[in-house]
Amino acid sequence: MSTQDVGAAEVPARIRDYLAMRLPEARDLVLDNLQRIAVGWSHETWLFDARWREGGETRTRGLCLRRDPGNALLRELSDLGEQFRVLQCLEATPLPTPRPYWYESDTAILGRPFLVMEKVPGTCPSPWGREGRAYYAAAAARGVLPASFTDTLATLHTLDWRAAGLEFLGVPAVGTDFAHREIAKWRAFIEQTDAPPDPLLTDLVCWLEANAPETTRLSLVHGAYRTGNLLIDDDRVSAVLDWELQVIGDPLYDVAYVLSDLNREGTELLSNVVARDTFFDRYEAATGITIDEDVCRYYHLLYAMRSAAFWLSASDLYARGASSDLRLARTAWSVPVVLERAARELGY
Amino acid sequence: MEHADLLERIAGTLRHDVGPAVADEYARTQAYMAAVVLGKLAAEMRAKAADAAADGADLDALFADLAVLAEGGPLPRALTGALEAAARERSDAHLSRLVEQLYTAREALGAQRFDALLGRVRQTLRARLARALAYSA
């Protein structure tokens, strides 16, 4: 059975049947406030409140279901089974994340693997639109969110990932192994596409290999820590979302992402919410990590390689007929834009 | 009507007539995205002949300059092979291979010579990128 066999119209009834199986004591189970949230690049996301009768009482539980569309931008790197396992590991840590309930790899249920997790209170405005920018600008002015954004990243980078059971993500050796692993991962990703070799991209990859920084401290790294991937409730981060790119590695990899001007639009505030000085002072004080801007510049170039890999993969998915989403076709023209940034950084 | 003009006209119809009339958000986004893709294709088609000529001239100059730079001392055999193949084949794959071989030979070349050779390749790549950005950005 493929995902086409279980189309969006069928999904709500299938979810209800699945929950009835998972909650055998539940009677009169219904799904309230069901919505499929804005189509993302990776997974289909459904939010709803399950309501049922049990032991003479009415019970409700807010839930979020993510289904693998089968042609996700990150292909096999975006593994819902791994996401579920990461969320399980993080449940007992101080990092705010949704509580995971169930993961199903059986495609007979919804046509594709899916996971069900807690619907955490909060909103997640897109930082790329006018409304989202206004939201973050107002929140930044109030002062609570900039601190929460920074503190949550510090919590992520100081949590005991070994104790949490996250070693299964792979632990780089001390030295340059982390950077080389990332380069190898994205190189393999690029090689999956039919894209011909690009000499400028080759130069970037060779430069990255020749200049890999030493990693002196290993943390859990989210890989895409920015507004838009964080749920905000009452000006505080209520959940860190989108566990698709996480690795054990250099915490400065996340810091570089925060510092990147790719993640802000029309503002000097990092990730649209926090002033640079505030972020530096607060993050360094909370983690004991000194932000090395040269290392961050290296990671900006690694992100350029990663972005090129994303866009080559996306346009390839469309070209191969694996997706009919025209946003993916459009990304073929994003590759030169990403490479131009890299070329400038490399001193072209 | 030129093909590029036709694509641009279709893009305009999608952007101004089809998109606004579509109620469903996803389908509307797709209509606008189709307009963007067709607009870029049209611009790329228009530039294709001139860009190909400029690419050819740039490669002529590149391999002439690299030949002069190569005379500055012996090159590792693999690099010489990659340079000869790139000059002969003129494909992106061969140019990529040349870049890889430059990095592999970095130590043997010494910093100054490596920078001179790679810098000359980058000059050509930069010019080509600028042409692509004219319709990509």
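Residue numbers start from 1 in every chain, and the chains themselves are labelled A, B, ... in the order their sequence lines are given, proteins ahead of strands.
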Measure the [atom1]-[atom2] distance between [X] and [Y] for me, rounded to the nearest 0.5 Å.
X: Leu41(B); Y: Trp333(A); atom1: CG; atom2: CH2; result: 4.0 Å
X: Lys40(B); Y: Ser334(A); atom1: NZ; atom2: OG; result: 8.0 Å
X: Tyr26(B); Y: Arg36(A); atom1: OH; atom2: CZ; result: 8.0 Å

## Note on the structure
ring-ring contact (aromatic ring centres under 6.0 Å, His included) filter on Trp186(A), not counting sequence neighbours, yields Phe189(A), Phe310(A)
### Message
If I measure from the heavy atoms of chain B, does Pro336(A) come under 4.5 Å with its side chain, its backbone, both, or neither?
### Response
both
How close do [X] and [Y] get, counting heavy atoms only, and between which atoms?
X: Ser136(B); Y: Arg330(A); value: O-NH2, 4.3 Å
X: Ala210(A); Y: Arg106(B); value: CB-NH1, 3.6 Å
X: Gln30(B); Y: Ser324(A); value: OE1-O, 3.6 Å

Heavy-atom cut-off 4.5 Å, strictly under: side chain, backbone, both or neither for [X] against chain A?
X: Tyr135(B); answer: both
X: Leu129(B); answer: side chain
X: Gln123(B); answer: neither
X: Leu102(B); answer: neither
X: Arg97(B); answer: neither

Using a 4.5 Å cut-off on heavy atoms from C-beta on, say whether the side chain of [Y] contacts that of [X].
X: Val37(B); Y: Tyr318(A); result: no
X: Glu340(A); Y: Arg126(B); result: yes
X: Tyr103(B); Y: Thr202(A); result: no

### Gln35(A) atom CD, neighbour heavy-atom count above 12 within 6.0 Å
yes
## Note on the structure
Residue from Val337(A), Val335(A), Leu326(A), Leu201(A) scoring the most non-hydrogen pairs under 4.5 Å with chain B is Leu326(A)
## Note on the structure
Per-residue tally against chain B (heavy atom, under 4.5 Å) across Asp203(A), Asp198(A), Leu200(A) peaks at Asp203(A)
### Query
Within the distance-only criterion (no hydrogens, no angle test), does the side chain of Arg122(B) pair as donor or acceptor with the backbone N or O of Leu346(A) below 3.5 angstrom?
yes
### Query
Which residue out of Asp92(B), Leu95(B), Leu98(B) racks up the most heavy-atom pairs below 4.5 Å with chain A?
Asp92(B)
